Amino acid sequence: MPHSPLIQSGGLAAHTAMRLGADADGITKAAQILRRGGLVGFPTETVYGLGADATDSRAIARLYAAKGRPHFNPLIAHVADIEAALALGVFNDAARTLAMAFWPGPLTLVVPAAANCPVCELARAGLISLAIRVPDHAIARAILREAARPIAAPSANRSGHISPTLAAHVREDLEGVIEAIVEGGASIIGVESTILSCLGNEVRLLRPGGISRDDIERILGITVLSEVSEAAGAAEPMLIAPGQMASHYAPRATLRLDAHRVMPGESCLGFGLPLPEGASATHSLNLSGAGDLTEAAANLYHHLRALDAMGNPGICVAPIPAGGIGEAIHDRLKRAAAPREMP
Ligand code: TXA
Ligand code: MG
């Protein structure tokens, strides 16, 4: 088989990834490759994921290598339905309520791993907790159902780079080091899932994402804490998602936020109208002409990649409201604009 030698050799694939369609045949092939320890890019409603068998530490080691991701950054286990999710972890009342309200959907819950949890230590980065998600995407769920085991799926980009919302983005970043990519059109939501930690008696927002803080608070009837509680004091360890590094989601160009005016050497990422003063027709893209945050989230990564490809050394970004999914957009832009961490 053209795509299997790496699985035998343990080395990384140095050949073209198989292009799989979203039909029954493509889904079966994707599931087979996953079950054999291969790496498969596949669509979800948030961003494209890079799947690997979460129970197979060799597959997970290959996944970390393909992404260039540090091993201390744990992965999300994806499963096809709520029942499979509940079997992986210990869900308290809040976690159960959130699961029922938002799964399948763009929500990841961090809960204590079940005693018999099959997700390997490497995928969990040695933590006793586990991040779990049930995606709301027909192709993703079909692959998960056929794979019939938890699938670790980080965003299918090189670590630190912009997350992919099209199969073509996955190819740009990972061609040559993965076995297959399932073509599934554009990701509808366009930013990653919201991550909530439900450990102990608290619910904390570790990463804003596809489901807004307001919606979560409405369902729970409580205020959700942010990454590190103000009341926690210095004694409590930082409870942030380890992957939430200062610099992330980064294009090559440097980003300048809250810009009202375009400076020389900058392309422009607009929101609403008018565009910032001095925006050129050839080097500007608008996240949403109508000023709609949902549309802006769906366009965010795509437009950042496209502006980056235009080659200007800088990108200025118009002011964007922070409500609803705007919190996730702000989070991603802030990290994309942060000084780069040198490897
Ligand atoms: O929308 C998404 O969540 C996408 C799609 C593909 O499902 N996946 C995704 O995975 O964004 P990734 O690996 O790019 O981001 C997962 C985040 C990382 O920041 C990681 O540190 C955090 O989840 N995480 C994983 N397990 C954790 C745990 N046990 N405790 C705290 N954070 C955890
Ligand atoms: Mg990611």
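Keep in mind that what you see is a predicted model, and the values were worked out from it rather than measured. Order of listing sets the numbers, starting from 1, for every ligand and every atom in it.
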Give every donor-acceptor pair under 3.5 Å between a side-chain atom in residues 46-53 and any protein atom, sequence neighbours left out.
residue, atom, partner, partner atom, Å
T46, OG1, T44, OG1, 2.9
T46, OG1, R133, NH2, 3.2
Y48, OH, G184, N, 3.0
Y48, OH, G185, N, 3.3
Y48, OH, G185, O, 2.7
D53, OD1, T55, N, 2.8
D53, OD1, T55, OG1, 2.6
D53, OD2, T55, OG1, 3.3
D53, OD2, R149, NH1, 2.9

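Remark: ligand 1 atoms within the under-4.0 Å shell around heavy atoms of S129 are 28 (C), 29 (N), 30 (N). Below 4.0 Å from some heavy atom of N73 lie the following atoms of ligand 1, by number and element: 18 (C), 20 (C), 21 (O). Listed by number with element, the atoms of ligand 1 under 4.0 angstrom from any heavy atom of E192 are 1 (O), 2 (C), 11 (O).
Residue pairs satisfying the side-chain hydrogen bond (donor to acceptor under 3.5 Å, both in side chains) criterion with at least one member in residues 89-103, sequence neighbours excluded, are absent.
Of the N or O atoms in T44, none lie within a sub-3.5 Å distance of an N or O in ligand 1. For the pair Y48 and ligand 1, the shortest N or O to N or O distance does not fall below 3.5 Å. Considering backbone and side-chain atoms together, K67 places no N or O closer than 3.5 Å to any N or O of ligand 1.
Neither the backbone nor the side chain of R124 comes within contact range of ligand 1; no heavy atom lies under 4.0 Å.
A salt bridge links E327 with R213: the closest approach of a Lys/Arg side-chain nitrogen to an acidic carboxylate oxygen falls below 4.0 angstrom.
If you count the protein N, O or S atoms nearer to the Mg ion (ligand 2) than 2.8 Å, you get 1.
Applying the ring-ring contact (aromatic ring centres under 6.0 Å, His included) rule to H71 yields the partners Y64; only residues at least two apart in sequence or on another chain are considered.
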